[in-house]
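What follows is a set of notes on a single structure, which appears directly below.
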Amino acid sequence: MAQPLKKPALAPASEHDELLTELVEGLRERPKQVSPKYFYDAKGSELFEAICAQPEYYPTRTELAIMEDHLKEVATLIGPDVTLVEYGSGASLKTRLLLTELVTPTAYVPVDISRQYLASTAMVLGDEFPHIEMLPVAADFTRPFSLPEPQAAPRRRVLYFPGSTIGNFSRSDAVTLLKKMRHDAGPDGALLIGVDLVKPVAVLERAYNDAAGVTAAFNLNLLSHLNAKFQANFVADNFQHHAVWDSEHRRIEMRLISCRQQTVNIDALRIDFAPQEFLVTEHSHKYTPAGFAQLAADAGWMVQQLWTDRRQYFSVQYLVPARRALAMASRCA
């Protein structure tokens with residue numbers, strides 16, 4: 001039988017006020033923008049899993065193939081008796097591969113903003129891996145939160161951040177998050193991370209404008225999530241999805257374009273949209289291997305191992321704290 005799941009504490013009311021302030025500040029910018037974390041209510045999480053199955057969307061199947069091809073090597077680097085912490089766990093598809101291959105992992109800690117989706121996924125994984133303690137945490141991993149302690153003491157903590165989510169952050173925010181991860185991992189920890197690579201523009205734009213319209217539904221569902229969370233009155237039919245490549249910043253920009261002059265109420269605030277004005281809902285930065293290595297170094301990490309596919313569309317990278325890497329190198333010299 002699976003381990004009983006521990007329920008995380010509810011967010012304090014003050015956190016809701018902070019999130020509302022953050023949302024309003026974003027809507028007052030030019031162009032207007034909102035954090036992509038609001039994609040992930042229960043419906044949004046389901047839609048994202050559907051996106052991953054679309055023929056145009058290469059990241060998920062490419063990353064899965066990389067993991068399958070190098071799974072034993074990845075597991076050997078991670079080592080035995082670890083606590084595996086996954087940020088933005090979603091359906092944990094790639095994590096199943098790791099949990100199957102790892103030697104005596106002490107616990108799995110999935111962290112996800114969607115409480116309902118997290119609970120159902122953790123329950124399924126608990127049934128599949130009854131020997132691994134499941135400690136789900138419903139939290140926004142960009143904000144402070146506490147990691148639970150497993151019953152069995154691990155040798156070390158390894159963080160898992162698949163799916164190229166690091167690309168959703170600006171350079172400064174990505175460095176801040178990677179620094180937080182280095183702190184959470186501890187001096188003996190490590191980070192296994194998915195990083196999307198620069199590739200032909202046509203491939204990128206097709207991936208974020210799929211023919212079936214699943215990404216469009218995912219993007220528009222963000223408005224429904226904002227309505228529910230902040231008592232807003234966005235009308236999804238008044239917006240249209242579009243994703244474009246920003247060559248200057250090497251990123252895809254997801255937009256919701258206003259189809260008409262309209263006013264949206266959020267709490268006591270009125271936000272006006274002009275016709276064709278757009279709301280930026282996501283940036284997805286793409287990296288070169290050298291570019292990401294520098295980003296990691298700025299946050300105190302060193303890339304110890306990098307795996308990629310034949311076309312070099314995507315990479316899975318294993319990072320260790322830079323100080324530990326230097327100490328190991330000096331001992332071997």
Problem set entry | Within residues 220-236 or reaching into it, pairs that qualify as side-chain hydrogen bond (donor to acceptor under 3.5 Å, both in side chains) - sequence neighbours excluded | Asp41-Asn221
Exercise. What class does the angle between the rings of Phe169 and Phe141 fall in, given that below 30° is parallel, 30 to 60° is tilted and above 60° is perpendicular?
Worked result: tilted
Problem set entry | With Leu64 via side chain to side chain contact (heavy atoms under 4.5 Å, CB included) - residues at least two apart |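 Counting only residues at least two positions away or on another chain, Leu64 forms a side chain to side chain contact (heavy atoms under 4.5 Å, CB included) with Thr60, Lys94, Leu97.
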If we ignore angles and hydrogens, is there a donor and acceptor under 3.5 Å between the side chains of [X] and [Y]?
X: Asp81; Y: Thr106; answer: no
X: Glu133; Y: Tyr108; answer: no
X: Tyr87; Y: Asp112; answer: no

Donor-acceptor under 3.5 Å ([X] side chain, [Y] main chain):
X: Arg270; Y: Val264; value: no
X: Ser170; Y: Asp173; value: yes
X: Asp267; Y: Leu269; value: no
X: Glu46; Y: Lys43; value: no

For this session: Any pair with a residue in residues 230-241 that passes salt bridge (charged side-chain N to carboxylate O under 4.0 Å, His left out), sequence neighbours left out, goes on the list, sorted by first then second residue, please.
Result: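 Counting only pairs at least two positions apart or across chains, no salt bridge (charged side-chain N to carboxylate O under 4.0 Å, His left out) contact touches residues 230-241.
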For this session: Could you name each residue pair satisfying salt bridge (charged side-chain N to carboxylate O under 4.0 Å, His left out) that touches residues 300-321, not counting sequence neighbours?
Result: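 For residues 300-321, and leaving out neighbouring residues, there are no salt bridge (charged side-chain N to carboxylate O under 4.0 Å, His left out) pairs at all.
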Under 3.5 Å, sequence neighbours excluded: what are the donor-acceptor pairs made by side chains of residues 288-297?
residue, atom, partner, partner atom, Å
Thr288, OG1, Gly291, N, 2.9
Gln294, NE2, Asp298, OD1, 2.9

Working to the nearest 0.5 Å, report the span between [atom1] of [X] and [atom2] of [Y].
X: Leu125; Y: Thr95; atom1: CG; atom2: OG1; result: 7.5 Å
X: Leu191; Y: Gln304; atom1: CG; atom2: CD; result: 12.0 Å
X: Leu197; Y: Ser164; atom1: CG; atom2: OG; result: 9.5 Å

For residues 201-209, dump all side-chain donor-acceptor pairs below 3.5 Å to protein atoms at least two apart in sequence or in another chain.
residue, atom, partner, partner atom, Å
Glu205, OE2, Trp245, N, 3.0
Tyr208, OH, Ser284, OG, 3.1
Tyr208, OH, Lys286, NZ, 2.7
Asn209, OD1, His241, NE2, 3.3
Asn209, OD1, Ala243, N, 3.1
Asn209, ND2, Glu205, O, 2.9
Asn209, ND2, Ala243, O, 3.0

For this session: Please identify each residue that fulfils ring-ring contact (aromatic ring centres under 6.0 Å, His included) with Tyr57, with sequence neighbours left out.
Result: none
For this session: With sequence neighbours excluded, tell me which residues meet ring-ring contact (aromatic ring centres under 6.0 Å, His included) with Phe39.
Result: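 For Phe39, the residues satisfying ring-ring contact (aromatic ring centres under 6.0 Å, His included) (neighbours in sequence not counted) are Phe218.
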Problem set entry | Residues clustered with Phe278, ILVMFWY side-chain links under 4.5 angstrom |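 Noted: Phe278 shares its cluster with Ile257, Val280.
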For this session: Could you tell me which residues satisfy side chain to side chain donor-acceptor pair (under 3.5 Å) with Ser258, sequence neighbours excluded, listed by chain and number?
Result: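 Scan of Ser258 (side chain to side chain donor-acceptor pair (under 3.5 Å), adjacent residues dropped) gives Gln262.
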Exercise. For Arg61, what residues pass the side chain to side chain donor-acceptor pair (under 3.5 Å) criterion, not counting sequence neighbours?
Worked result: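 Residues passing side chain to side chain donor-acceptor pair (under 3.5 Å) with Arg61: none at all.
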Where do [X] and [Y] come nearest, in terms of heavy atoms and distance?
X: Gln116; Y: Ala42; value: OE1-CB, 3.7 Å
X: Leu135; Y: Val109; value: O-CG1, 3.2 Å
X: Ala185; Y: Trp301; value: CB-CH2, 4.0 Å
X: Pro148; Y: Val137; value: CD-CG2, 3.5 Å
X: Ser35; Y: Glu22; value: CB-OE1, 4.5 Å

Exercise. Should the pair Asp184-Arg157 be classified as a salt bridge under the 4.0 Å nitrogen-to-oxygen rule?
Worked result: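 Judged by the 4.0 Å cut-off on N to carboxylate O distance, Asp184 and Arg157 do not form a salt bridge.
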Problem set entry | Residues Arg143, Glu18: salt bridge by 4.0 Å N-O rule | yes
Exercise. Do Val235 and Phe230 belong to the same hydrophobic cluster, where Ile, Leu, Val, Met, Phe, Trp and Tyr are linked whenever their side-chain heavy atoms lie under 4.5 Å apart, directly or via other members?
Worked result: no
Exercise. Can you find a pair of side-chain heavy atoms, one from Val316 and one from Glu63, that are under 4.5 Å apart?
Worked result: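 Of all side-chain heavy-atom pairs linking Glu63 with Val316, at least one is under 4.5 Å.
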Could you pull out all donor-acceptor pairs under 3.5 Å where a side-chain atom in residues 72-79 meets a protein atom, sequence neighbours excluded?
residue, atom, partner, partner atom, Å
Lys72, NZ, Glu101, OE2, 3.2
Glu73, OE1, Trp307, NE1, 3.1
Thr76, OG1, Lys72, O, 2.8

Exercise. More than 12 heavy atoms of other residues, nucleotides or ligands under 6.0 Å from NZ of Lys199: is that the case?
Worked result: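 For Lys199, atom NZ is crowded (more than 12 foreign heavy atoms under 6.0 Å).
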For this session: Please say whether more than 12 non-hydrogen atoms of neighbouring residues, nucleotides or ligands are located less than 6.0 Å from CZ in Arg171.
Result: yes
